[in-house]
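Take a look at the structure below.
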Amino acid sequence: MNIQQTLSALCLPILLAGCALLGGGKPRHITVYTPLATQLDSSSAQWPQVDWQLGIAKPAAERMLDSPRIAVRPQAQQLQVYRGATWSMPATDLLETSVLRVLEDSGKAPGVARLSSGLRADYRLLLDIRRFEADYAGHDLPQATLVVSAKLLHSQSQRVVASQTFNQVVPATGTALDQVIPAFEQALSRISHDIAGWSLASGQAAQAAAAP
């Protein structure tokens with residue numbers, strides 16, 4: 001996919017004084033990164049128009065990823081975090097917000113919201129983040145690596161109507177965090193598009209299969 005056709009993302013560095021580094025140490029400035037999805041790509045025009053509502057559950061993830069820390073894997077068996085920088089919210093919330101915005105902006109469903117909003121959803125989107133990290137994977141430069149397992153649940157029957165694992169790997173242009181963050185933004189945008197389009201298509205297929 002052409003990068004220009006992915007969701008554009010805006011990184012807003014905010015300097016916070018008086019925050020301590022992980023593991024202690026003198027207080028210092030922490031840079032907070034906020035990737036923001038601002039527009040749809042052209043693939044959304046191919047998504048089906050649906051007449052049912054979709055609720056998005058808060059994604060699940062292991063403790064390291066369900067936090068604002070920015071994870072990096074320098075070697076296969078080592079998962080660390082970048083010092084002096086965080087996400088503006090946990091990776092679970094970043095993904096939930098990004099997928100929600102893509103679906104809302106597409107206008108393809110009459111109702112899309114977080115399940116916590118109380119929406120009477122016909123289908124529920126369940127997400128499990130398996131990887132959300134910068135992975136060197138034996139290379140000189142890291143790659144933003146996102147792996148998300150998705151399930152679409154029919155609310156009334158509690159039946160899983162579709163499931164799929166989504167992967168996005170985007171190489172960074174350098175090792176500095178300011179060069180790694182844009183790769184994360186692209187990977188998050190792409191995987192959000194993939195999940196959103198799949199959710200609409202899978203739910204519509206389930207509706208058609210259940211029709212008399």
Do [X] and [Y] have side chains that approach each other closer than 4.5 Å (heavy atoms only, starting at C-beta)?
X    : Y    : result
M64  : R69  : yes
V72  : V81  : no
Q75  : Y136 : no
L54  : D122 : no
Y123 : V161 : yes

Measure across [X] and [Y] and return the closest heavy-atom pair with its distance rounded to 0.1 Å.
X    : Y    : answer
E185 : P35  : CG-CB, 3.7 Å
Y82  : P142 : OH-CG, 4.4 Å
T175 : L141 : CG2-CD2, 3.8 Å
G107 : Q49  : O-NE2, 2.9 Å
A150 : L125 : CB-CD1, 4.4 Å
P110 : V50  : CD-O, 3.3 Å

Test of ring centre spacing under 6.0 Å for F184 and F132 | yes
For the hydrophobic clusters of this structure (ILVMFWY residues joined by side-chain heavy atoms under 4.5 Å, transitively), does one cluster hold both [X] and [Y]?
X    : Y    : result
W198 : L100 : yes
V180 : M89  : yes
L115 : L200 : no
V170 : V99  : no
V169 : I129 : no

When rounded to the nearest 0.5 angstrom, what is the spacing between [atom1] in [X] and [atom2] in [Y]?
X    : Y    : atom1 : atom2 : value
R190 : L146 : CZ    : CG    : 11.5 Å
W87  : L94  : CH2   : CG    : 6.5 Å
Q143 : R73  : CD    : CZ    : 13.0 Å
Q164 : S149 : CD    : OG    : 9.5 Å
H193 : L188 : NE2   : CG    : 11.0 Å
I181 : I70  : CD1   : CD1   : 4.0 Å

Between T97 and R114, do the side chains contain an N or O donor and an N or O acceptor separated by less than 3.5 Å?
-> yes
Quick one: do Q207 and W52 satisfy side chain to side chain donor-acceptor pair (under 3.5 Å)? Show the steps, please.
-> CA-CA 9 Å; Q207 289 287 96; W52 39 268; 5.3 Å; no
Using the side chain to side chain contact (heavy atoms under 4.5 Å, CB included) rule, take L119 and Q53 through it: C-alpha gap first, then chi angles, then the decisive distance, then the call.
-> CA-CA 8 Å; L119 175 76; Q53 299 194 123; 3.6 Å; yes
For the side chain of [X] and the backbone of [Y], is there at least one donor-acceptor N/O pair under 3.5 Å apart?
X    : Y    : answer
S202 : S199 : no
T31  : A85  : no
E133 : L79  : no
Q168 : Q186 : no

Report the C-alpha distance between I56 and L103 in whole Å, list the side-chain angles of each, state the deciding distance to 0.1 Å, and finish with yes or no for side chain to side chain contact (heavy atoms under 4.5 Å, CB included).
-> CA-CA 10 Å; I56 303 175; L103 285 164; 4.0 Å; yes
Could K58 and D93 be called an ion pair, given the rule that one side-chain N must be under 4.0 Å from one carboxylate O?
-> yes
So D66 and T92, side chain to side chain donor-acceptor pair (under 3.5 Å) or not? Walk me through it.
-> CA-CA 6 Å; D66 193 15; T92 48; 2.7 Å; yes
Audit row: L127, L95, side chain to side chain contact (heavy atoms under 4.5 Å, CB included) steps and yes/no | CA-CA 9 Å; L127 302 173; L95 178 66; 4.0 Å; yes
Taking it one step at a time, do W47 and S106 satisfy side chain to side chain contact (heavy atoms under 4.5 Å, CB included)?
-> CA-CA 9 Å; W47 299 346; S106 74; 3.8 Å; yes
Is it the case that more than 12 heavy atoms not belonging to Q158 sit under 6.0 Å from its CD atom?
-> yes
